[in-house]
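Here the structure is laid out as structure tokens; the discussion comes afterwards.
First listed ligand is number 1; within each ligand, the first listed atom is number 1. Just so you know, these numbers come straight off a predicted model, no measurement behind them.
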Amino acid sequence: MSGESKIGRIVRHFHFDGEFLDAALYGNGHINDTYRACFMQGGAPIFYLLQRINPSIFKAPAALMENIQRVTSHLAAQFASEPDCSRRVLSLIPARDGLAWHVDEEGSYWRAFRFIQNAITYDTVESAEQAFQIGSAFGRFQQLLANLPPPRLHDTIPDFHNTPLRFAALEQAIAMDDAGRANQARQEIDFALARKSIATLILDAKLPERVTHNDTKLNNVLLDAATGEGICVIDLDTVMPGFAPYDFGDMVRTATSPAMEDERDLSKVALRLPIFEALLRGYLDATRGFLTKAEKELLVFSGKLITFEIGIRFLTDFLSGDTYYRVHRTGHNLDRCRTQFKLVESIERQEEEMERMVRSIQE
Ligand code: ADP
Ligand code: GN1
Ligand code: MG
């Protein structure tokens, strides 16, 4: 059975306009299966984004979809008076049975969004202006969700940023060595073990719980192709209660280095201070008035913490035989781990200057 005929059957369950033409895999996400589907109406193409939610990672897809419905409705209401409001928030396309998803014969959950046209995601930041836009888009996202009415959102992945638990999982993977790969990763294992203290410092002291995105990587913001404005925050599966600095930390991880996450030439990996500064300015500008002093004080540390956290998650997955992240080559997760650890070192060298930037922007 071809992928496309399967998609042809799935699309019949949603309220799409036009007649289904074709669909192709889309984007560089590590988790879900994402397709761009094309329909024809009156001789013109209409596109939709169709996704199969990864069932081994998201154990309660209906609760996750309830979060997304609440978050997108809340954002849409606040964007209603802005020009181009339908490009500023994801819009779910309902299934024909009235639900926000369709469950296929294998039990997989599918959902569909309006495809946002003329918008681009990047895997590396090319300019300070782009970094500013990324910081500002995620900052505004937090700002607009600060007044989401109760109840509390569901935790779609419990303990998602619980770094001590992530570290314990790494220690277990090292001990088990299920895939027999530990000897290929000796240097990375030693690097991680030597920095255990980073992982055991928990960020929750004195911090307010907020609605946070939790996966604020660069390619989870759509930038307008014409103006470069960060118009829409996407990939809302991990939007749940959390702490604001974690979100900034993942922006530092993904936006400040010129190298791809899986770059093998580690000489290309480094934190670029001007890009960090632009990211920080964008984020502080958008969160002005609601971010507390305690949160601001953790922004730099959080960049190091989240980079280290994702590095140990890649290493854990490598040692466990690549069971979590989608991989495209042997050793892919180890390559990803190496860039993260190289970036941790680069942050360690520049932490003081980064802290100075935070203080000077606030003054
Ligand atoms: P994953 O969870 O696997 O990372 P994403 O939800 O981030 O999946 O989607 C993968 C990619 O698809 C994104 O990086 C982006 O390029 C593109 N994308 C997702 N949603 C839309 C949308 N509504 N309109 C246009 N492009 C989108
Ligand atoms: C995954 O879904 P995607 O590709 O945007 C992962 C993040 C990691 C990221 C590393 C649900 O993000 O936590 O930081 O890969 N998402 C989940 O690139 O685990
Ligand atoms: Mg994504």
Side-chain angles (χ1 to χ4, degrees), residues 23-38 46-59 61 64 67-68 72 75 86-93 109-124 134 138 155-163 166 169 212-225 230-240 242 246-247 249-255 257 260-263 305-317 323-328 332-333 335-337 339-340 343:
L25 278 168
Y26 195 79
N28 291 335
H30 295 336
I31 305 293
N32 294 318
D33 297 336
T34 303
Y35 298 84
R36 188 175 78 149
C38 179
I46 306 175
F47 296 98
Y48 295 98
L49 208 286
L50 193 66
Q51 272 181 331
R52 175 181 168 270
I53 302 174
N54 186 322
S56 53
I57 291 176
F58 297 106
K59 307 288 188 204
L64 177 159
N67 278 4
I68 293 185
T72 52
L75 293 173
S86 66
R87 296 176 75 232
R88 293 184 182 275
V89 57
L90 286 177
S91 317
L92 279 163
I93 306 293
Y109 278 60
W110 292 79
R111 47 132 185 256
F113 296 104
R114 193 190 310 236
F115 189 86
I116 299 175
Q117 294 285 0
N118 300 321
I120 303 175
T121 51
Y122 292 85
D123 291 314
T124 55
I134 299 293
F138 280 125
D155 283 306
T156 58
I157 302 183
D159 290 312
F160 192 59
H161 283 308
N162 185 333
T163 323
R166 297 285 188 190
T212 48
H213 184 282
N214 296 299
D215 189 3
T216 52
K217 67 197 258 195
L218 183 58
N219 64 15
N220 286 331
V221 180
L222 298 175
L223 302 186
D224 185 276
I231 47 165
C232 185
V233 169
I234 59 167
D235 203 345
L236 306 178
D237 298 322
T238 51
V239 178
M240 57 183 155
Y246 291 135
D247 276 2
D250 214 355
M251 294 177 228
V252 173
R253 176 183 84 80
T254 55
S257 168
M260 297 284 284
E261 188 178 69
D262 58 359
E263 174 62 57
L305 176 73
I306 295 293
T307 308
F308 186 59
E309 177 194 299
I310 307 302
I312 63 179
R313 286 177 61 194
F314 285 141
L315 181 55
T316 305
D317 202 31
T323 60
Y324 188 95
Y325 294 106
R326 180 179 296 128
V327 289
H328 302 289
H332 207 165
N333 274 316
D335 292 339
R336 291 168 174 156
C337 160
T339 60
Q340 305 307 290
L343 188 58

Proximity of Arg336 to ligand 2 by residue part, where a heavy atom lies under 4.0 Å: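 Neither; no heavy atom under 4.0 Å.
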Per-residue contact class, Asn214 against ligand 2 - non-hydrogen pairs under 4.0 Å: neither
Residue, atom name and distance, where the atom is the protein heavy atom closest to atom 13 (O) of ligand 2: Arg313 NH1, 2.9 Å
Protein heavy-atom partner closest to atom 2 (O) of ligand 2 - residue, atom, separation in Å: Ile31 CG1, 3.2 Å
Within-shell test, Asp237 vs ligand 2, heavy atom, strictly < 4.0 Å: no
Heteroatoms of the protein, restricted to N/O/S, which lie under 2.8 Å from the Mg ion (ligand 3): Asn220 OD1, Asp235 OD2
Could you check whether any side-chain heavy atom of [X] comes within less than 4.5 Å of a side-chain heavy atom of [Y], counting everything from C-beta outward?
X	Y	answer
Tyr246	Leu305	yes
Ile53	Trp110	no
Gln51	Asp33	no
Thr323	Asp317	yes
Met251	Leu218	no
His332	His30	no

Examine the side chains of [X] and [Y] and answer whether a donor and an acceptor come within less than 3.5 Å of each other.
X	Y	value
Asp123	Asn28	yes
Asn54	Asn32	no
Glu261	Thr339	no
Tyr325	Arg313	yes

Please confirm whether the backbone N or O of [Y] pairs with a side-chain atom of [X], one donor and one acceptor, at under 3.5 Å?
X	Y	value
Thr163	Glu309	no
Arg114	Leu92	no
Arg166	Phe160	yes

Please check whether [X] reaches ligand 2 - meaning an N/O of the residue sits under 3.5 Å from an N/O of the ligand, judged on distance alone.
X	answer
Asp215	yes
Lys217	yes
Asn28	no
His30	yes

Aromatic contact, Phe113 with Phe47 (centres under 6.0 Å): no
Give the numbers and elements of all ligand 2 atoms closer than 4.0 Å to a heavy atom of [X].
X	result
Phe58	11 (C)
Glu261	10 (C), 18 (O)
Phe314	10 (C), 18 (O)
Asn220	5 (O)
Asp235	2 (O), 3 (P), 5 (O)
Tyr324	11 (C), 17 (C), 19 (O)
Gly29	4 (O)

Write out each pair where an N or O from ligand 1 and one from the protein are under 3.5 Å apart, with the distance.
unit_1, atom_1, unit_2, atom_2, d
ligand 1, 2 (O), Asn32, ND2, 3.3
ligand 1, 2 (O), Asp235, OD1, 3.2
ligand 1, 2 (O), Asp235, OD2, 3.0
ligand 1, 3 (O), Asn32, N, 3.2
ligand 1, 4 (O), Asp235, OD2, 2.9
ligand 1, 6 (O), Gln51, NE2, 2.8
ligand 1, 7 (O), Asn220, OD1, 3.0
ligand 1, 7 (O), Asp235, OD2, 3.0
ligand 1, 8 (O), Gln51, NE2, 3.2
ligand 1, 9 (O), Gln51, NE2, 3.4
ligand 1, 14 (O), Asn219, O, 3.0
ligand 1, 16 (O), Thr121, OG1, 2.9
ligand 1, 23 (N), Arg114, O, 3.1
ligand 1, 24 (N), Ile116, N, 2.9

Pick from Arg326, Gln340, Arg253: the one approaching atom 10 (C) of ligand 2 most closely through a non-hydrogen atom: Arg253
Carboxylate-amine/guanidinium proximity below 4.0 Å for Lys217 and Asp247: no
Whether Phe138 and His213 hold their rings parallel, tilted or perpendicular, with breakpoints at 30° and 60°: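 Rings of Phe138 and His213: perpendicular, as their planes differ by over 60°.
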Spatial distance of atom CD1 (Ile120) from atom CG (Asn219) [nearest 0.5 Å]: 13.0 Å
Ring-face cation of Arg36 near Phe115 (centre distance under 6.0 Å, axis angle within 45°): yes
